[in-house]
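All heavy atoms count here, side chains included; hydrogens, waters and symmetry mates do not. Everything numeric in this text was worked out from a predicted model, so none of it was measured. Residue numbers start from 1 in every chain, and the chains themselves are labelled A, B, ... in the order their sequence lines are given, proteins ahead of strands.
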Amino acid sequence: MEQLKIHNTLSGNKELFKPINPGSVTMYVCGPTVYGEPHLGHARPAITFDLLFRYLKFLGYKVRYVRNITDVGHLLNDADEGGDKIGEKAKALHLEPMEVAHFYTKKYHSAMSKLNVTNPSIEPAASGHIIEQIGMIQKIINNGFGYEVNGSVYFDVVKYNKDHNYGVLSRRKIEDLIENSRELEGQLDKKNAVDFALWKKASPEHIMRWPSPWGDGFPGWHLECSTMSCKYLGDEFDIHGGGMDLVFPHHEAEIAQCCAANKKQGAKYWMHNNMITIGGQKMGKSLGNFITLSEFFKGTHNKLEKDYHPMVIRFFLLQAHYRSTIDFSNDALQAAEKGLVRLFNGIKTLNELFPKDRSTIDISSFKLKCDNAMNDDLNTPIVLSHLFDAVKVINSTKEGKHDLLAHDIEQLKELFHKYAITVFGLYDIHDDGESTNIEALMTLILDIRNDLKNNKDWATADKIRNGLIDLNIEIKDAKDGTNWNYKK
RNA sequence: GGUCGGAUGGCCGAGUGGCUAGGCAGUGGUCUGCAAAACCAUCUACACCGGUUCGAAUCCGGUUCCGACCUCCA
């Protein structure tokens, strides 16, 4: 079996994954800024890194997974005099900023739970780590890379770049950055246009504020991740993840802050998921073209033709590689829905297979193929393609076209359990927890219907069949009796 | 403008220098009281122009188009 390889943005290549401490993995992922409804864009990194989290655990690693909650308002931009998103929202709604943050944090958790995203090991909030952030700023100042102006503290990018590389991650050249920087009035305090805020002075009307050695203010928007990753995972840890849009400046700045404060670069592997597009354009809060997760679940957005089960969203995302953009459309989602049902009907059929005393088909290669695809930078679409090939084998066997030994059936069960359930985190969208009862009921109903058929009472037999279709259950008369499945 | 990435069949979406990705949709067949499902078979591809090669959709160069980042963003 191949070993796990992951794409590292630092090198731009797939690299063999080797944790710093054998047997355990430390991982940090940028979480949401909780000032708005969670949308499809939030689902992608959450699911991508949940997949990685699940897979690493499956491989036997002890994983500490930290995903933050940003509940300290980010600056709107440097020109804006201290406005921040959570604060703005709070003012508009006449709420405490923490009320806003708490409200959307709960919404985020609820959506993630529906998507079957595992809770991270630690979910620290930026607001709970103001003291640590001030401490880190102090270290950066002491090491000569931060300077205070009028109650704000900035990171001296130009000085830092003299003996470090500001651009290791994003491959940007500082000269280009300076050349392309916009002239903004808020930058007057800064030595260089490329410098970024570590601490920002709060204007009197700014409602989210904390005391600091430099006066009342709030932390800069790159700082929390550096601070909290170092606090919980150490100065050096294994994996840092997030969306591709965070590579610059957010993650570049994180690396600079860590190096400036601790002389260590932080994460060894940087992983970035690609964006979701809608009509070829990025879906995002700032573009106003996003669809919230709750709208997906309920089908209430005008771009949605119907509601989509959370598992359909999860499966849809796993059908694409995490580093590719994925284009949203109703057609694509409905195709995913049917595919997902086919996959789980295959698992159901697998459980109904009778072992024979010989195997007429070799199923041993499925596991290796799936493992190799998964180890190749989490190539979930390829894993799924192999699982669908296995579904084909299962269905053919059910048809009597193949025979399988009990051992082979067990192997297939393990394969599906490992990938579909444990690692991919999928479950049957029809599974409402009462399946045992339904199994028994269906056996009874089909038994009665069979008697009707034997009496050639087609009308009543069809009445049962049509009635079941209204209940989303499809029955199929086969040679060896009647099968049933949930409708696609 | 700078940096980077992409262009695959009706739709989504993998991948590789020569061998079927997969899902959805379509077509023909098997099965069937009818139906559906399933199974079997099958049709639509690799933006354009050059080059390398025995052979390229896959490598190289150019062209066109699209996107991302450079400003908060997942």
Side-chain angles (χ1 to χ4, degrees), chain A residues 12 29-33 35-36 38-46 48-49 73-80 83-85 167 170-173 175-177 179-182 184 194 221 241-250 272-277 280-287 290 315-316 319-321 323-340 342-343 345-346 349 373 376 379-389 391-392 394-401 453 456 458 461-462 465-466 469 474-479 483-485 487-488:
Chain A
V29 172
C30 289
T33 303
Y35 70 100
H39 57 83
L40 231 207
H42 290 110
R44 176 93 113 146
T48 299
F49 294 104
H74 283 174
L75 289 169
L76 281 175
N77 58 51
D78 284 346
D80 192 275
D84 76 66
K85 289 170 172 176
S170 58
R171 268 157 261 258
R172 274 160 216 265
K173 300 225 177 323
E175 302 78 41
D176 297 338
L177 291 170
E179 214 171 286
N180 290 315
S181 292
R182 301 194 308 181
L184 297 167
V194 284
W221 62 281
M244 260 181 196
D245 50 345
L246 297 179
V247 172
F248 190 89
H250 187 55
H272 293 97
N273 62 275
N274 215 320
M275 303 290 105
I276 286 166
T277 59
Q281 203 192 20
K282 189 172 95 165
M283 176 185 286
K285 259 182 280 201
S286 56
L287 298 164
F290 68 92
F315 182 79
F316 173 64
Q319 262 193 318
H321 184 84
R323 283 194 295 112
S324 298
T325 56
I326 183 167
D327 198 56
F328 156 82
S329 71
N330 281 287
D331 286 349
L333 236 28
Q334 282 164 32
E337 181 172 32
K338 289 184 182 175
L340 177 63
R342 180 176 158 82
L343 183 69
N345 280 339
T349 305
D376 184 15
N379 200 329
T380 53
I382 293 293
V383 173
L384 286 172
S385 81
H386 294 310
L387 291 185
F388 278 111
D389 285 342
V391 166
K392 198 167 225 176
I394 290 165
N395 288 333
S396 301
T397 305
K398 179 79 182 172
E399 290 274 313
K401 293 197 158 67
K453 279 173 65 190
K456 299 217 189 290
W458 309 125
D462 288 355
R465 184 169 63 195
N466 294 334
I469 283 185
E474 207 162 40
I475 62 176
K476 292 155 288 186
D477 294 324
K479 276 163 272 177
N483 302 314
W484 67 277
N485 269 315
K487 227 166 82 182
K488 285 186 188 176

Practice prompt. Take A:Leu340 and A:Ala461, find for each the nucleotide of RNA chain B with the closest heavy atom, and name the residue whose nucleotide sits nearer the 5' end.
Written response: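 That would be A:Leu340.
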For [N] and [X] - does any side-chain N or O of the residue sit under 4.0 Å from the phosphate oxygens OP1/OP2?
X: A:Ser324; N: B:A14; value: yes
X: A:Asn379; N: B:A14; value: no
X: A:Lys338; N: B:A25; value: yes
X: A:Arg342; N: B:A38; value: yes
X: A:Ser396; N: B:C40; value: yes

Worksheet, complete the sentence: Among the nucleotides B:G13, B:A21, B:G33, whichever has the atom closest to the side chain of A:Asp327 is B:G13
Practice prompt. Taking only the side-chain heavy atoms of A:Lys476 (C-beta and beyond), determine which of B:A37, B:G67, B:C34 contains the nearest atom.
Written response: B:A37
Worksheet entry | Main-chain N/O of A:His39 paired with A:His42 side-chain donor or acceptor, under 3.5 Å |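 Yes.
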Worksheet item: Given the rule in the salt bridge (charged side-chain N to carboxylate O under 4.0 Å, His left out) test, do A:Asp389 and A:Lys392 qualify, once you have shown the distances and angles that lead to the verdict?
Response: CA-CA 5 Å; A:Asp389 285 342; A:Lys392 198 167 225 176; over 6 Å; no
Item to complete: For RNA chain B, write out the stems as range with range, using runs of 3 or more consecutive Watson-Crick or G-U pairs with both distances under 3.5 Å.
Response: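 Listed by first number, the stems are B:1-7 with B:64-70, B:10-12 with B:22-24, B:26-30 with B:38-42, B:47-51 with B:59-63.
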Practice prompt. Mark this stacking check for A:Trp458 against B:G33 as yes or no, applying ring centres under 5.5 Å and ring planes under 30°.
Written response: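 Ring-base stacking flag set for A:Trp458 and B:G33.
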Item to complete: Just jot down the salt bridge (Lys or Arg N to Asp or Glu O under 4.0 Å) partners of A:Arg171, sequence neighbours excluded, or say none.
Response: none
